[in-house]
Amino acid sequence: MTDNSTPFASCATAADVADVLDQKADDSEISQAFATAIAAYAITVAGTSTYADGAYTISNLNDGYYLVSSTSVPTDGAYTRYILKLVGDSEVDTKSDVPSVDKNIIENNNEVKVNDVNIGDTITYELTATLPSNYGDYDTYYLAFHDTFDAGIDAPKNFTVKVGDTEIDSTKYNLTTNDNSFVLTISDLKTADSTATKDSKVTVTYESELNSNAVIGGTGNVNTVYLEYSNNPNKDNADSKGKTPDHKVVTFTYELDITKVDSDNTETKLAGAEFTLKNADGKFYTATASDGVYKVTGLTADNASATTFVSDANGSIKIQGLNVGTYTLTETKAPDGYNLLSNSIEVVISATYQDNDGVNNIDTLSATVDNVAATTDKTAGTVSLTVENNSGSILPSTGGIGTTIFYIAGGLLIVAAAIMLIVRKHKKDAQNS
């Protein structure tokens, strides 16, 4: 027995022990310690246990002290602490509880379940375990965060672990990573942080990035967590563990599909048109091309470093990995024999989301091109627009030297004609005089 057994030092019989226990308050520390100490010697006896309205009723037993505990629990449940009870017919409060876990994405200092980013952007994840109300019943307490992520999400980095507002040192936990998962284990939270109590929150924060394997639109890029925890206060935590249900968050990204056509015959697709794309902050996109598809790699403030997006033989440019937001598409070179667009094109992409059993799917995907509604496909995650070019030549724009020369030449011709008319009139007058 533990030091708490000293009140029993003078006990010679079971009745003496009963007398000592009878003097203690319900659920006292000495009662708990006694129940734990004798549990190894307990035997199963016949009786009846029924459950109704949140309580168990134990009946068909002789009066006496009994140990009461769960014999089995569901995967996401927990065993009760041994309960010492004097039973005739009696109701039992099982005093079991389980921790909970939640997962969020931190975006602009807010916790969200779904977000949308560019490929290459950093995503900050937050896992939060809330300790159970019976945390104090455990001598040691095991916690393990099991996290898995889709192929479009890079391996995690920059971990921070806190109990409440206090960060705990990395020597107090173990981190094991695989290609698309990690497990962060605190083998004994009571040793790692002695200040933790019931309802304390254990928070794991880390960063990742959306990569070129990201799913475009559709069901998005999913990150899932569940918590493994001590679930039997009567045994060492290595012997018995529970598991919470999964919790998921989702990150979406989108594709801009541009088709370059002849304005007089839109069935004629134009190759060789060149564009740059920049976001609302004025930064240009960089990308890599493969099989006619450009995948975003990042942003640059330098126009010279921006990727030039070129239409292929089908007049197509596909740019994958774009966030929702406002974009400026600028033609920098027209196809041969066609005129360069005089104005940039504004594209605005918007989306809303719905929560279906913990998985956030796209509810609506919409877009405008120069304030006119564009074609979208939320399953494919695409926004489509057609860009027309006029063929032939155009005069240089107003303010250029070209039109000025034509205007001056025309003016000189008009003056010359007037002079000729005057000269002819003078000659005619001279002949008639």
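Every heavy atom of this structure was used, including side-chain atoms; hydrogens, water molecules and symmetry mates were not. In this chain, numbering begins with 1 at the start of the sequence shown.
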Qualifying residue, where the test is side chain to side chain contact (heavy atoms under 4.5 Å, CB included) with Leu210 and the options are Asn221, Asp121, Asn115: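 It is Asn221; the other options fail the test.
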Would a distance-only check, ignoring hydrogens and angles, find a side-chain to backbone donor-acceptor pair under 3.5 Å from [X] to [Y]?
X: Lys295; Y: Ser212; answer: yes
X: Ser311; Y: Ile317; answer: no
X: Thr203; Y: Thr128; answer: no
X: Thr266; Y: Val261; answer: no
X: Thr308; Y: Glu274; answer: no
X: Asp147; Y: Val225; answer: no
X: Thr376; Y: Leu365; answer: yes
X: Asp169; Y: Lys172; answer: no
X: Asn108; Y: Asn110; answer: no
X: His146; Y: Leu227; answer: no

Distance-minimising heavy-atom pair for [X] and [Y]:
X: Pro156; Y: Phe149; answer: CD-CZ, 3.5 Å
X: Pro245; Y: Tyr226; answer: O-CB, 4.0 Å
X: Pro335; Y: Leu270; answer: CG-CB, 3.8 Å

Are the side chains of [Y] and [X] in contact, using a 4.5 Å heavy-atom criterion?
X: Val293; Y: Gln320; answer: yes
X: Ile119; Y: Thr297; answer: no
X: Leu184; Y: Asn174; answer: no
X: Val114; Y: Thr251; answer: no
X: Ile123; Y: Glu209; answer: no
X: Ile258; Y: Ser316; answer: no
X: Tyr173; Y: Ile168; answer: yes
X: Val347; Y: Thr326; answer: no

Once rounded to the nearest 0.5 Å, what's the spacing between atom [atom1] of [X] and atom [atom2] of [Y]?
X: Glu388; Y: Asn339; atom1: CD; atom2: CG; value: 13.0 Å
X: Thr276; Y: Leu329; atom1: OG1; atom2: CG; value: 7.5 Å
X: Phe275; Y: Leu256; atom1: CZ; atom2: CG; value: 10.0 Å
X: Tyr254; Y: Asn323; atom1: OH; atom2: CG; value: 8.5 Å
X: Lys157; Y: Thr177; atom1: NZ; atom2: OG1; value: 14.0 Å
X: Ile345; Y: Thr328; atom1: CD1; atom2: OG1; value: 10.0 Å

Verdict with reasoning, Glu255 to Ile216, per side chain to side chain contact (heavy atoms under 4.5 Å, CB included): CA-CA 7 Å; Glu255 175 180 321; Ile216 306 300; 3.8 Å; yes
Has [X] got more than 12 heavy atoms of other residues, nucleotides or ligands less than 6.0 Å from its [atom1]?
X: Asp336; atom1: CG; answer: no
X: Asp377; atom1: CG; answer: yes
X: Lys283; atom1: NZ; answer: no
X: Asp302; atom1: CG; answer: yes

Would [X] and [Y] count as a close aromatic pair, with their ring centres under 6.0 Å?
X: Phe252; Y: Tyr353; result: yes
X: Tyr141; Y: Tyr135; result: yes
X: Phe182; Y: Tyr206; result: yes

Are [X] and [Y] close enough that a side-chain donor and a side-chain acceptor fall under 3.5 Å?
X: Thr224; Y: Asp246; result: no
X: Thr352; Y: Thr364; result: yes
X: Ser344; Y: Thr330; result: yes
X: Glu207; Y: Asn158; result: yes
X: Thr176; Y: Asn178; result: no
X: Asn265; Y: Thr268; result: yes

Quick test of your reading of the model: are Asp355 and Lys248 salt-bridged, counting only N-O distances below 4.0 Å?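 No salt bridge links Asp355 with Lys248.
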Check the pair Asn211 / Asp154 against side chain to side chain donor-acceptor pair (under 3.5 Å), numbers first and verdict last. CA-CA 6 Å; Asn211 63 43; Asp154 272 350; 2.8 Å; yes
Start with the C-alpha distance between Tyr338 and Asp262, add both sets of side-chain angles, then the distance that settles side chain to side chain donor-acceptor pair (under 3.5 Å), and finish with yes or no. CA-CA 9 Å; Tyr338 287 83; Asp262 185 308; 2.5 Å; yes
Do Lys201 and Asp102 pass the salt bridge (Lys or Arg N to Asp or Glu O under 4.0 Å) test, and can you show the C-alpha distance, the side-chain angles, and the key distance before you say yes or no? CA-CA 11 Å; Lys201 295 186 183 299; Asp102 194 17; over 6 Å; no
Steps toward side chain to side chain contact (heavy atoms under 4.5 Å, CB included) verdict (Ser208, Tyr125): CA-CA 8 Å; Ser208 188; Tyr125 294 100; 4.0 Å; yes
Where do Tyr285 and Tyr294 land on the ring pair (Phe, Tyr, Trp, His ring centres under 6.0 Å) test, with the steps shown first? CA-CA 10 Å; Tyr285 279 86; Tyr294 291 88; over 10 Å; no
Pair Val202-Ser200, side chain to side chain contact (heavy atoms under 4.5 Å, CB included): steps then yes or no: CA-CA 7 Å; Val202 181; Ser200 289; 5.8 Å; no
I'd like to know whether Thr382 forms a side chain to side chain donor-acceptor pair (under 3.5 Å) with Asp257, so could you lay out the CA-CA distance, the side-chain angles of the two residues, the decisive distance to 0.1 Å, and finally the verdict. CA-CA 7 Å; Thr382 56; Asp257 288 353; 4.6 Å; no
Working note: Ile105 + Lys113, criterion side chain to side chain contact (heavy atoms under 4.5 Å, CB included); need CA distance, chi angles, decisive distance, verdict. CA-CA 6 Å; Ile105 297 169; Lys113 296 294 182 185; over 6 Å; no
Cation-pi check, Lys241 onto Tyr142 ring (under 6.0 Å, within 45° of axis):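 Satisfied, under 6.0 Å and within 45°.
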